[in-house]
Every structure is written in structure tokens, then in C-alpha cells.
Amino acid sequence: MAADKPVVVAIGTGGTISSLGRDSTDVLDYPDFGRKMDVAEAVGRYPEVAAAADLVLVPFRSVGSTAIGPAEWLELAALIHRCAAERPEAVGFIVTHGTATLEETAYFLNLTLKTDKTVVLVGAQRPASALSTDAGMNLLSAVRTAMAPAARGLGVLVVMNDEIQSAREVSKTSTYRLQTFRAPDFGALGHVDGDGVQIYRRPARRHAPDTEFDVAGRGSLPRVDIVYSYGGGDGAAVDAYIAAGAKGIVSAGLAPGIPTPLERERLEAAAAAGIVVVQSSRAGSGRVAPRHYLRQKAMVGADNLNPQKARVLLSLALTLTRDPAEIQRLFETY
Ligand code: GLU
């Protein structure tokens, strides 16, 4: 019995990392026909993970991450705060999560957590039952990162495929490939190698636990929707989302961040009516600057956040203010 292994809290939400398919070759149909394990069963498959740390297993959900959104983000943040308070001896957290929305949950936590313990989100591309699954190694790498002094103070982290990524920068870029999580323009913060965690750079933007967003006690976030641009788009989605209650709209515009003329008309009308419009781009990399046109129309440039991350930040920004200039400041800070 090793009495002094570091304590790591493992919160389970489900995802491929917790999935069992029909057989060892099923890397395709398991979301529809397989089964999801809770965190104890998912982590329990790997004695190497239990050997690395004293794990506190906390079940949260056993779902695909397509079923995780703002209500779950808020609940998860509250759960992490509660566990951090109840387990002061814990050095860090891992959160097992499906890869589909992992980048959104990670960025939300990066913007809202008030704990200085390391928080690592981890998923897998191949279910735990598959030949050559990445579930076990990713779990071990996540636990090693959560325990590593070198990984402290970097904000919320995403660990998969031996790579340590920043929650703000990372995005899922491939449906099936193991190297799906990339930080376009920037790359990984570091790696988990056989001899431990190696960190090469630190995120410059403000992040947890030093954030001005406070979601304690909230059960929902202001509604924000994403309007995806394409040649010939007429902007009907803008009005539909506003009718559905949107307080903010993120335009996933044509690169370098410009909607079609008809979309532009609808977005201008929305901004004039007090809906906060954030201009992002569908390119998957690069910045949308607060250029003259956007400032003139009281719209916000998304900086280099992709549309789904801009949506997370805008939802949180709207809990503080509706002033586009102030929201622009937040986009240049976080
Ligand atoms: N990787 C997917 C996820 O995000 C699997 C989807 C599913 O199991 O529903 O969880």
C-alpha cells in the first residue's frame, strides 16, 4: 500500500474514452449501439492509472459529449469547486469527456474555474474496447499531467495523443484520426513522454483561476447562436435565432471574417436592435480583428477564437455586460 501517492480527482462525463463497442474492431458504430461506462469502470480497466495516483472517482454523466452543453458546463464547474473544497489534498483533476464538444467544455472551465489545482480534460478517439484504443494511455497521460508541477498555472489543459494543449487554443480537427486535437497557429504546450511531462510554452491570455467571470449559482447562460456563412447565404438563420431568444450571435463568416451581403444586412439589423454580434470566421485558424466596419456597427471581432469558442466567451460576457466595446475588451483579454 503506497500511502503517499498524490490525490487526483477523476470526474467522468462519458465519451468514447468510456465507451464499449460491439467488438474490438468497432471504432464506428459504438456511439449508436455501444455502452458507456461510469468513471469507476472506465478508469478501473487500467491498473497503471490506479498505480500512478490515489484516484477519487466522481461520476457526473455517462453520455456522449454531443449531450453536453451550457447546463452541464455550469454543473461541472460547481462540482469541481465542491470537490476542490472537500479535497484540499488533491493536486489536480482529470475530466473524462467525449471529444465532440471537449474543446467547448475545456474553454468554459478555463474561463470560470476559481481553483488553482490543475484541471485536465481527456478523451479518446477509439473506444476502450477497440484494438489499439488510446483510452488507457490518454488516461495515464492526463493523470501524469494533473500531478506535474510543471503543468500548474497553465489554465485548463487538454491531454490526448501524448500532447498537452491549451483549452483556449485547441480544437478537434479530424473525425477519426488520433491526432485530432490541434492548436492551429500555435501548437501544443508540451508533451507527456515516458520520462514525464515536458512543457515548452505558456498561454499568454488570462485564464482560470484569475478570471472575472463568476457562474456560482447560475443554472443557465444567455443564449448565443452561431450563424455559419456560405456562398449565397441569406441570413434567415439570424432572424430565426433571435426569434428563439438569442441575446448574441456569432457569425462564422467567410474568411477573413466577412458574411455574405444578405447576412450582413440581417446582422446589422440585429446589432442595431441590441443583439451582440461577434464576427468570427469559418476558416479554422487566424484572427478576426476589430476592424473599422465592425467598430462602426458596434460589432465585436472574435480575435482568433473559432466560432464555437467565441460562443462560449460571448455567453459568459453577456452575464457581465451588453456593451460591445466592453465585450471587445473581453475578447482581447481571454
Ligand atoms: N466521441 C464522441 C463523444 O463526443 C462519441 C459520441 C457518442 O458516443 O455519442 O462523446
Side-chain angles (χ1 to χ4, degrees), residues 10-46 49 57-77 79-80 93-110 119-143 156-183 226 284 306-309 311-312:
I11 299 179
T13 75
T16 299
I17 195 166
S18 312
S19 292
L20 297 175
R22 288 191 282 209
D23 57 44
S24 64
T25 65
D26 179 8
V27 289
L28 182 67
D29 291 318
Y30 65 92
D32 304 308
F33 301 104
R35 171 170 90 76
K36 300 263 187 304
M37 299 175 282
D38 70 11
V39 66
E41 191 183 355
V43 173
R45 294 171 73 88
Y46 307 102
V49 177
L57 301 166
V58 181
F60 174 72
R61 296 282 193 281
S62 296
V63 296
S65 71
T66 52
I68 293 187
E72 290 73 26
W73 304 338
L74 289 162
E75 220 185 296
L76 192 53
L79 176 62
I80 291 172
F93 287 78
I94 68 164
V95 179
T96 61
H97 200 292
T99 51
T101 61
L102 189 149
E103 66 186 89
E104 292 162 66
T105 304
Y107 188 45
F108 175 81
L109 296 175
N110 194 53
V119 176
V120 178
L121 275 80
V122 58
Q125 283 288 80
R126 295 178 182 153
S129 50
L131 195 61
S132 266
T133 176
D134 49 334
M137 199 52 154
N138 287 350
L139 278 171
L140 183 59
S141 296
V143 168
V156 172
L157 300 171
V158 174
V159 171
M160 276 183 64
N161 202 37
D162 305 338
E163 293 173 330
I164 302 168
Q165 309 271 4
S166 155
R168 179 183 186 278
E169 297 163 358
V170 77
S171 186
K172 185 175 183 181
T173 64
S174 170
T175 49
Y176 299 136
R177 302 289 76 83
L178 296 184
Q179 70 278 18
T180 184
F181 279 95
R182 311 270 64 163
I226 300 173
N306 66 25
Q308 58 271 31
K309 286 186 199 265
R311 171 181 177 252
V312 174

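Hydrogens, waters and symmetry mates are skipped; everything else that's a heavy atom, side chains included, is used. Atoms within each ligand, like the ligands themselves, are counted from 1 in listed order.
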Quick check: does any side chain N or O of Asp134 sit under 3.5 Å from a backbone N or O of Gly136, one acting as donor and the other as acceptor?
-> no

With a 4.0 Å heavy-atom cut-off (strictly under), which part of Lys36 contacts ligand 1: side chain, backbone, both or neither?
-> side chain

Could you tell me whether some N/O pair between Lys172 and ligand 1 is separated by less than 3.5 angstrom?
-> no

Smallest separation among heavy atoms of Ser18 and Thr96, with atom names | OG-OG1, 4.2 Å

Examine Thr99 against ligand 1 and note whether any of their N/O atoms are separated by less than 3.5 Å.
-> yes

Backbone or side chain, does any N or O of Ala100 fall under 3.5 Å from an N or O of ligand 1?
-> yes

Would you indicate which of Ser62, Gly34, Gly98, Ser18 comes nearest to atom 3 (C) of ligand 1 when only heavy atoms are counted?
-> Gly98

Closest approach of Gly64 and Lys36, non-hydrogen atoms and distance?
-> N-CE, 3.4 Å

What atoms of ligand 1 come within less than 4.0 Å of a heavy atom belonging to Thr16?
-> 1 (N), 2 (C), 5 (C), 10 (O)

Write out the residue and atom name of the closest protein heavy atom to atom 10 (O) of ligand 1, then the distance separating them to 0.1 Å.
-> Ser65 N, 2.9 Å

Can you tell me which residue and heavy atom of the protein come closest to atom 6 (C) of ligand 1, and the distance to 0.1 Å?
-> Pro31 CB, 4.0 Å

Expected output: side-chain Gln125 to main-chain Thr180 donor-acceptor under 3.5 Å = no

Looking at Ile17 and Val122, what are the two nearest heavy atoms and their distance?
-> CD1-CG2, 4.0 Å

Would you call Glu163-Arg182 a salt bridge at under 4.0 Å N-O?
-> yes

List every atom of ligand 1 that sits less than 4.0 Å from any heavy atom of Gly64, numbering the atoms from 1 in the order shown and giving each element.
-> 7 (C), 8 (O), 9 (O), 10 (O)

Does the side chain of Tyr30 come within less than 4.5 Å of Arg22's, by heavy atoms?
-> no

